[in-house]
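Counting starts at 1 for both ligands and their atoms, in listed order.
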Amino acid sequence: MKSTAFKAEPFALPFNSATTALVMIDMQRDFVEPGGFGEALGNDVNFVRSAIGPCQQVLAAARAAGIMVIHTREGHRADLTDCPPAKLTRGGKTFIGEPGPMGRILVRGEKGHDIIPELYPIAGEPVIDKPGKGAFYQTDLQLVLQNRNIKTLIVCGVTTEVCVTTTVREANDRGYECIVPQDCVGSYFPEFQKYALEMIKAQGAIFGWVSDAKSIVESLAA
Ligand code: TIU
């Protein structure tokens with residue numbers, strides 16, 4: 001059992017590899033490739049694609065270190081019965097469930113809903129399907145973490161100010177210590193990226209810690 005600390009802001013975060021998990025949030029085609037939900041909402045997906053490379057580095061390091069790896073996907077049942085009507089029309093138009101170049105937008109089982117090939121889960125890595133922005137809402141994520149005695153979460157993915165920080169806030173209230181590598185999260189809005197990260201680490205790590213892929217990789221390999 002290894003015990004060390006992640007270099008982070010506002011201060012180093014001690015962790016134990018046996019009780020640490022990597023949570024890869026919503027690295028789905030729908031958010032990071034053209035023709036998906038993100039673009040339908042009016043966003044330029046090029047802003048979030050910079051996170052893919054650093055996420056690959058952290059994912060490889062997590063697998064090599066043998067820490068738990070969990071992936072999440074935002075999306076809905078094909079009949080949309082789990083999609084709140086208020087979410088369906090968000091953005092002023094119905095996108096969810098509509099046909100697109102990668103299948104029905106944000107619908108489970110469709111090509112656009114799946115995780116990008118660069119970060120595809122391997123056997124033994126749980127995939128959590130979530131109907132909301134937070135990964136704990138209406139999912140069994142907490143049960144999965146509890147059963148493995150996980151205490152520390154490395155949270156990567158998209159988008160920084162939406163699903164990543166919603167999940168960090170949910171996790172923080174449940175007693176998990178979250179660390180976010182800043183280059184492993186992406187936003188369609190550079191200013192939201194900056195302030196979302198600042199909000200996490202402000203006030204003495206009010207929600208969690210902020211680090212970077214290089215530091216996480218080094219710590220996991222130590
Ligand atoms: N729109 C946006 O920035 N994000 C989402 O709708 N979902 C996630 O962040 N995954």
**Student:** For ligand 1, which atoms sit closer than 4.0 Å to a heavy atom of D26?
**Tutor:**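 Close to D26: 8 (C), 10 (N).
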**Student:** Below 4.0 Å, non-hydrogen atoms only: which portion of N43 touches ligand 1? Side chain, backbone, both or neither.
**Tutor:**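 It is neither part, as no heavy atom is under 4.0 Å.
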**Student:** Considering only protein heavy atoms, which is closest to atom 5 (C) of ligand 1, and at what distance to one decimal place?
**Tutor:**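 Heavy-atom neighbour on the protein nearest atom 5 (C) of ligand 1: F31 CE2, 3.4 Å.
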**Student:** Below 4.0 angstrom from a heavy atom of C163, which ligand 1 atoms are there? Numbered from 1 as shown, please.
**Tutor:**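 Close to C163: 7 (N), 8 (C), 9 (O), 10 (N).
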**Student:** Between E110 and R104, does any side-chain N to carboxylate O distance fall below 4.0 Å?
**Tutor:**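 Answer for the salt bridge query: no.
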**Student:** Which of the atoms of ligand 1 are close to Y188, meaning less than 4.0 Å from one of its heavy atoms?
**Tutor:**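 Numbered from 1, ligand 1 contributes 3 (O).
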**Student:** Provide the number and element of each atom of ligand 1 under 4.0 Å from a heavy atom of F37.
**Tutor:**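 Answer for ligand 1: 6 (O).
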**Student:** Would you indicate whether R77, at its atom CZ, is surrounded by more than 12 heavy atoms from other residues, nucleotides or ligands within a distance under 6.0 Å?
**Tutor:**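 Check fails, neighbour count at 12 or below.
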**Student:** Below the 3.5 angstrom mark, is there an N/O of I25, backbone or side chain, next to an N/O of ligand 1?
**Tutor:**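 In this structure, I25 places no N or O atom under 3.5 Å from an N or O of ligand 1.
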**Student:** Between R73 and D114, is there a side-chain N and carboxylate O pair less than 4.0 Å apart?
**Tutor:**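 Result for this pair is yes, salt bridge flagged.
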**Student:** Would you tell me which option among T159, V185, V164 has the nearest heavy-atom contact to atom 9 (O) of ligand 1?
**Tutor:**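 Considering heavy atoms of T159, V185, V164, the nearest to atom 9 (O) of ligand 1 sits in T159.
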**Student:** With the threshold set at 4.0 Å, does a side-chain nitrogen-carboxylate oxygen contact exist between E170 and R174?
**Tutor:**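 Judged by the 4.0 Å cut-off on N to carboxylate O distance, E170 and R174 do not form a salt bridge.
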**Student:** Measure the acute angle between the ring planes of F31 and F37, then classify it against the limits of 30° and 60° as parallel, tilted or perpendicular.
**Tutor:**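 Rings of F31 and F37: perpendicular, as their planes differ by over 60°.
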**Student:** Passes side chain to side chain contact (heavy atoms under 4.5 Å, CB included), R63 versus E125? Steps please.
**Tutor:** CA-CA 10 Å; R63 286 171 176 164; E125 296 177 349; 2.7 Å; yes
**Student:** Heavy-atom distance to atom 6 (O) of ligand 1: which of E161, K133, Q28, R73 wins?
**Tutor:**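 Comparing heavy atoms across E161, K133, Q28, R73, the nearest one to atom 6 (O) of ligand 1 lies in K133.
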**Student:** Tell me, which protein residue and heavy-atom name are nearest atom 7 (N) of ligand 1, and how many Å apart are they?
**Tutor:**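 Ranking protein heavy atoms by distance from atom 7 (N) of ligand 1, first comes E74 OE1, 2.8 Å.
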**Student:** Which atoms of ligand 1 have any heavy atom of L41 under 4.0 Å away?
**Tutor:**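 Once the distances to L41 are compared, the set is 1 (N).
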**Student:** Do the charged groups of K133 and E74 touch, with an N to O distance under 4.0 Å?
**Tutor:**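 Between E74 and K133 there is a salt bridge, with a charged N closer than 4.0 Å to a carboxylate O.
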**Student:** Between D26 and K130, does any side-chain N to carboxylate O distance fall below 4.0 Å?
**Tutor:**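 Salt bridge present between D26 and K130.
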**Student:** Step by step, work out the side chain to side chain contact (heavy atoms under 4.5 Å, CB included) result for T152 and Y176.
**Tutor:** CA-CA 6 Å; T152 308; Y176 296 97; over 6 Å; no
**Student:** Looking only at distances, can you tell me whether any N or O atom of V158, backbone or side chain, sits closer than 3.5 Å to an N or O atom of ligand 1?
**Tutor:**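 Looking only at distances, the answer is yes, because the N/O contact criterion of under 3.5 Å is met.
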**Student:** Would one find an N or O of K130, backbone or side chain, under 3.5 Å from an N or O of ligand 1?
**Tutor:**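 No, since none of the N or O atoms of K130 sits under 3.5 Å from an N or O of ligand 1.
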